[in-house]
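Data first, discussion second: the structure below is written as structure tokens.
Every value quoted in this text rests on a predicted model; they were computed, and no experiment measured them. In what follows, chains are A, B, ... by sequence order, proteins preceding strands, each numbered from 1.
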Amino acid sequence: MITVDDVTIGYGNIAGLTAVDAVSLTINDNEILGIAGESGSGKSTLMRAVYGDFSTGLRIRSGSIRGRFTDPRTGAVLESDSRDFPRLWWDQISYVPQGSMSVLNPLMKVEQQVIDGLPARERGNDRRALRARIARFLEGFGLPETVLDAFPHQLSGGMRQRVLVAIAAFVNPRLILADEPTTALDVVVQKKILLMMVEIQRRLRNSLVLVSHDLGVHYQITDRLAVMYRGKIVEVGRTRDIFANPRHDYTKALIAALPRLGGERARAGKEAAL
Amino acid sequence: MRRLTSFFEDAPFRLYLGLFLVVVFVIVGGILPWLAPTDPLEWYQSPRNQAPSWAHVLGTTSLGQDVFWLLTWALRNSLMLGLVVAFFSTLIGVFLGLAAGYAGGLLDRVLSFFMDALLCIPTLPILILMAALFGGQLALPAICVLLILFNWPYPARQVRAVALTMREREFVNVAWFSGESRVRILTRHIFPYIAGWSAANFINTVLVGIATESALAVIGLSSAQQATLGTMIYWAIQYQALLAQRYVWIGAPVVSIVLMFIGLFLVSSGLSMRSAERRMSV
């Protein structure tokens with residue numbers, strides 16, 4: 001679906017910062033791809049480039065990002081460079097941003113924001129029918145219809161994040177990019193939202209790219225995993241294989257850092273020894 | 001429409017009082033001038049120096065003009081000047097401020113340079129200079145243009161600051177990601193944040209426009225051939241209305257200006273109180 005071919009991405013002019021360094025990656029149809037890595041490793045930059053948002057001074061220095069999409073109505077195959085992706089936004093590709101607290105406009109009711117994001121072909125329909133469809137869709141996420149008439153500050157963080165996922169999924173996109181969608185949430189809500197996203201992916205049989213620094217999240221839901229470290233992808237493969245047999249030192253360190261049930265509690269052990 | 005009427009239910013008293021005053025002035029200045037029996041600017045249409053009576057509600061001037069009908073004309077011209085100046089300065093200011101703040105880069109630097117330059121220039125001395133150059137015959141449209149030129153940078157500068165912070169808000173990013181155009185983002189996501197402020201700025205600029213024109217007229221620098229609140233005061237002073245104890249003549253425009261200012265101020269502060277209440281109650 002998306003082929004990232006030996007791409008180097010930086011900010012500003014040639015002398016500026018290089019955030020992603022000679023990365024190659026494929027995003028296949030019908031899979032959940034995880035991207036793991038520490039802060040500043042280039043995860044979000046790569047996501048922005050794949051999404052085709054070059055409004056923030058992002059530059060592709062070399063290499064290319066190409067996508068193949070099938071138009072759902074005509075069935076025509078559309079192949080294009082990520083620079084041309086903006087016209088596919090919120091139609092073929094959608095994006096779940098990070099940080100649920102500030103991503104909804106505080107002055108607009110939820111219904112208006114859901115409708116605003118829709119492509120023109122959806123918006124032209126009868127308003128009442130559209131609202132009913134959105135309400136039914138939200139119900140699948142455990143959100144009552146009253147959410148549509150609420151302002152964002154009247155919803156909890158988890159509800160807001162679910163609204164965002166719902167907005168991103170409502171148009172049945174072929175590719176959903178989720179940039180740390182569960183970072184600010186507690187683990188129970190986090191799990192609920194992740195399961196919801198898996199369910200959507202299984203139903204639509206599309207591609208979901210999940211960026212997270214939390215390996216536990218990747219272990220739970222992703223099919224394939226790419227580990228980024230200092231602007232490079234150091235390891236990529238089936239998630240199960242990577243967890244069973246990590247090859248790169250950084251991946252080993254990450255997996256070793258996960259808390260284990262029944263594992264030794266270093267501090268408690270030391271205190272007992274004293 | 002229902003939202004509009006509910007906005008005025010249980011509003012603070014000052015909003016009602018302010019609206020009442022403004023409506024009175026709009027009626028006096030907007031409708032009554034059409035009903036004037038004679039052209040009140042024409043001299044010696046009425047007996048001179050009359051005290052208030054049924055025939056001449058506010059008496060007549062030493063030039064044989066009816067004070068009441070003269071006042072309606074003056075109010076019309078002053079209100080029109082204030083509204084035109086306020087409308088265009090707010091429109092230009094908000095538009096250019098949004099453009100500068102949201103687009104950034106070279107456009108921002110060029111626009112900011114002009115805003116800062118115009119803000120630094122003291123308005124009244126320049127206007128006095130211009131008026132003196134025109135030989136004290138500055139017509140109303142010319143004053144309008146000058147006032148707009150000097151008043152748009154105030155809203156522009158403040159709107160630019162708001163737009164700068166809005167550009168970095170996450171929900172503006174999300175709107176951009178969901179494929180909304182820049183114009184749509186500006187109008188739907190950023191403008192609502194400054195709409196209330198723009199209304200307050202509009203009212204404030206009406207006051208500034210009327211006050212500046214009156215100041216010019218009183219010192220005799222705008223064309224005295226047109227009726228405005230300022231020129232009425234100018235003529236009254238010229239003919240020693242105070243010494244002659246013709247208090248109604250000089251008092252009418254002064255009281256009108258004061259009441260109009262109070263009315264507009266009450267509307268402005270009442271509106272902001274009302275919207276603050278609504279914010280709390282949601």
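- By the 4.0 Å N-to-carboxylate-O rule, K43(A) lies too far from D179(A) to be salt-bridged with it.
- Both the backbone and the side chain of N105(A) come within contact range of chain B, judged by heavy atoms closer than 4.5 Å.
- For a residue to count as touching a neighbouring chain, one of its non-hydrogen atoms must lie under 4.5 Å from one of that chain's; by this rule Q113(A) does not touch chain B.
- Here the closest non-hydrogen pair linking I60(A) and R83(A) is CB-NH2, 4.3 Å.
- The six-membered or imidazole ring of Y51(A) lies near that of F177(B), with a centre-to-centre distance under 6.0 Å.
- Your options are G52(A), P152(A), P106(A), A168(A), and the one with the most heavy-atom pairs under 4.5 Å with chain B is P106(A).
- Nearest heavy-atom pair across F85(A) and S80(A) is CE2-OG, 3.5 Å.
- Residue with the most contacts toward chain B among V171(A), L107(A), I167(A): L107(A) (heavy-atom pairs, distance under 4.5 Å).
- Annotation: F150(B) is not in aromatic contact with Y154(B) [ring centroid separation under 6.0 Å not met].
- Heavy atoms from other residues, nucleotides or ligands lying under 6.0 Å from CZ of F265(B) number 12 at most.
- Rounding to the nearest 0.5 angstrom, the gap separating the CD atom in Q190(A) from the CG atom in D214(A) is 5.5 Å.
- Looking at R184(B), the atoms closer than 4.5 Å to chain A (heavy atoms on both sides) all sit in the side chain, from C-beta outward.
- In terms of the side-chain contact (heavy atoms from CB on, under 4.5 Å) criterion, residue partners of V110(B) (sequence neighbours excluded) are, by chain and number, L106(B), F114(B).
- Near-neighbour residues of residues 75-86 of chain B relative to chain A, defined by a heavy atom under 4.5 Å from a heavy atom of that chain, are none.
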